[in-house]
A.B. asks: 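Here you go, one structure.
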Amino acid sequence: MSKLETRLIHAGRPHRSDGQAPFEGALVTPIFQTSTFHDASEADSGYDAVRYTRLSNGPQHLVVHERLAALTEHELALTSSSGMAAISATLLALGGRVFCSRHLYGGTSHLVTHDLPRLNIPCDIATTDDVAAWRDELHPDTRVLYVESISNPTNTILDLPAVVDLARERGLIAVIDNTFASPVNFLPARLGFDLEIHSATKYLNGHSDVIAGVVMGRHDLIRQILSLQNHLGGSLDPHALFLLERGLKTLALRVRHQNVSALTLARSLEGHPAVRSTTHPGLHPERIPVSMRPLLGGVGGMFSFDVGDEASALRVLKALRIATHAPSLGGPETLVTRPVATSHTSMPVAAREALGIGPGLIRVSVGLEHVDDLIADFTQALDVSLVS
Ligand SMILES: *Cc1c(COP(=O)(O)O)cnc(C)c1O
């Protein structure tokens, strides 16, 4: 099998049986801006076999799905209209009681604690990061184990081999949101995760111009999720598919650059008198479980730093000139947010504080600018926050 960088560019391109180049010889997969396709079948082949863009079976869907499956080393992949569409379709399709890590993206946290229980899908949240202790917290009806590879915004990394072992021991379906790590830094399929989800809005597309989600995994499970998504309706449209396929080609280059820049920036911030702490795992290697160290190619472009209180954090955000105050992550532009005001607003204050998500915490998504300019920008903003 070719290497990741090559698969990002070539995997999934169709081969025509007559040896001709696909898509009239176009090098790049064209945008098939069509809702439906000519039906050449004579027999009734069933609803999901009709070619229709909502059913995620147009030519672009097939290319992007095969590319995603190849690069993540899963059997099948499916695109969705957002990361949350992928997560909700997955958990609804699995349909059983969910046990989640306590480090969850805000939208996912609300989904599993408020929305799914109303649909008779109960969810339990772990009270600890000690995976061995989860044995006692699982409910007899638990069917699904749900974790994130590197958590938002604290960069917590769990003992993921232990998570997969626990799932095997109890016959659970192991699901991971791998958005923060990206397939460049971590490949959950190699550990045995049954399903891997990404907000493709972030690193996979990587240009801050698409909302998209993906889920990859075991053949039978992806077929089940596809069948439900066909009726829920959250398929990805042709223009977004075009941008996602284009963005994927540079994923490895972008993420490796961001891995290095984020560590360099975090290291420089840690020495500033206005900064109480940073979460970058590269600066706290003891927080990375031993079992995970050989499995991570890097820890990505995300980290947070704490300046103590809300007023100081707001002064820093206001003084930054290159970094933009905006939610989201994984694009070329460096972005900063206060998680208490964005991704984690709906989480109860006590739960937030227990995770170290306080009012002075600023999350950084390191972009593709030169790191020297980023260091200068953050340093002047922190200096301003000290004098005012
Ligand atoms: C952004 C994000 C999501 C949700 O993705 P959308 O594309 O915004 O729906 C889910 N999980 C993580 C870790 C995220 O960062």
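Ligands are counted one by one from 1 in listed order, and the atoms in each one are counted from 1 as well.
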A.B. asks: Taking 4.0 angstrom as the limit and counting only heavy atoms of Ser82, give me the atoms of ligand 1 inside it, by number and element.
C.D. replies: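 Those qualifying, in numeric order: 7 (O), 9 (O).
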A.B. asks: For Phe180, counting its heavy atoms only, list the atoms of ligand 1 lying under 4.0 Å from any of them.
C.D. replies: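 Here the atoms of ligand 1 in question are 15 (O).
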A.B. asks: Nearest to atom 13 (C) of ligand 1, what protein heavy atom do you find, and at what distance?
C.D. replies: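 Closest protein heavy atom to atom 13 (C) of ligand 1: Asp177 OD2, 3.4 Å.
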A.B. asks: Look at atom 9 (O) of ligand 1 and say which protein heavy atom is nearest, naming residue and atom and giving the distance to 0.1 Å.
C.D. replies: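 For this ligand atom, the closest protein heavy atom is Met84 N, 2.8 Å.
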A.B. asks: Would you tell me whether His65 and Thr79 have side-chain atoms, one donor and one acceptor, within less than 3.5 Å of each other?
C.D. replies: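 Yes.
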A.B. asks: Taking atom types as modelled, is there a side-chain donor on Ser208 or Glu333 under 3.5 Å from an acceptor on the other?
C.D. replies: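 On atom types as modelled, these side chains qualify, holding a pair under 3.5 Å.
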A.B. asks: Short question: side chain of Thr108, backbone of Leu104 - any donor-acceptor pair under 3.5 Å?
C.D. replies: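 Side chain of Thr108 to backbone of Leu104, a donor-acceptor pair under 3.5 Å: no, none is there.
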A.B. asks: Please identify which atoms of ligand 1 are closer than 4.0 Å to at least one heavy atom of Ala212.
C.D. replies: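 Answer, ordered by atom number: 7 (O).
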A.B. asks: Can you find a non-hydrogen atom of Asn152 under 4.0 Å from ligand 1?
C.D. replies: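 No, Asn152 has no heavy atoms under 4.0 Å from ligand 1.
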A.B. asks: Do Ser291 and Asp159 meet the criterion of a side-chain donor-acceptor pair at a distance under 3.5 Å?
C.D. replies: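 Yes, a side-chain donor-acceptor pair sits under 3.5 Å.
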A.B. asks: Between Ala85 and ligand 1, find which residue part has any heavy-atom pair under 4.0 Å and reply side chain, backbone, both or neither.
C.D. replies: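 For Ala85, there is no contact with ligand 1 at all, from either part.
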A.B. asks: Would you say Thr179 and Glu148 are linked by a side-chain donor-acceptor pair, where the criterion is simply a distance under 3.5 Å?
C.D. replies: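 Distance-only check fails for Glu148 and Thr179.
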A.B. asks: Is a donor from one side chain sitting under 3.5 angstrom from an acceptor on the other, for His344 and Asn152?
C.D. replies: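 Per modelled atom types, His344 and Asn152 side chains form no pair under 3.5 Å.
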A.B. asks: Are any of the N or O atoms of Gly83 closer than 3.5 Å to those of ligand 1?
C.D. replies: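 So ligand 1 has an N or O lying under 3.5 Å from an N or O of Gly83.
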A.B. asks: How far apart are the C-alpha atoms of Phe303 and Phe180, what are their side-chain angles, what is the distance that settles it, and do they pass the ring-ring contact (aromatic ring centres under 6.0 Å, His included) test?
C.D. replies: CA-CA 10 Å; Phe303 72 93; Phe180 267 46; over 10 Å; no
A.B. asks: Is there a polar contact, in the sense of an N or O pair closer than 3.5 Å, between Thr201 and ligand 1?
C.D. replies: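 Yes - when backbone and side-chain N and O of Thr201 are compared with those of ligand 1, one distance drops under 3.5 Å.
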A.B. asks: Tell me the protein heavy atom at minimum distance from atom 4 (C) of ligand 1, and give that distance in Å.
C.D. replies: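 Residue, atom and distance for the closest contact: Tyr105 CE2, 3.4 Å.
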A.B. asks: Hey, is ligand 1 close enough to Thr108 that some N/O pair sits below 3.5 Å?
C.D. replies: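 N/O-N/O distance under 3.5 Å: no.
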A.B. asks: Among the heavy atoms of Ile87, does any lie under 4.0 Å from an atom of ligand 1?
C.D. replies: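 The answer is yes, since Ile87 has a heavy atom less than 4.0 Å from ligand 1.
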A.B. asks: Would you tell me whether Ser312 and Asp309 have side-chain atoms, one donor and one acceptor, within less than 3.5 Å of each other?
C.D. replies: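 Yes, a side-chain donor-acceptor pair sits under 3.5 Å.
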A.B. asks: Which atoms of ligand 1 sit under 4.0 Å from any heavy atom of Ser199?
C.D. replies: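 Counting atoms of ligand 1 from 1, those under 4.0 Å from Ser199 are 1 (C), 2 (C), 3 (C), 4 (C), 5 (O), 6 (P), 7 (O).
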A.B. asks: Could you give me the CA-CA distance, side-chain angles and deciding distance for Thr72 and Glu196, then say whether side chain to side chain donor-acceptor pair (under 3.5 Å) is met?
C.D. replies: CA-CA 9 Å; Thr72 58; Glu196 170 179 355; 4.6 Å; no
A.B. asks: Who's the nearest protein heavy-atom neighbour of atom 15 (O) of ligand 1, and how far?
C.D. replies: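 Result: Lys202 NZ, 2.8 Å.
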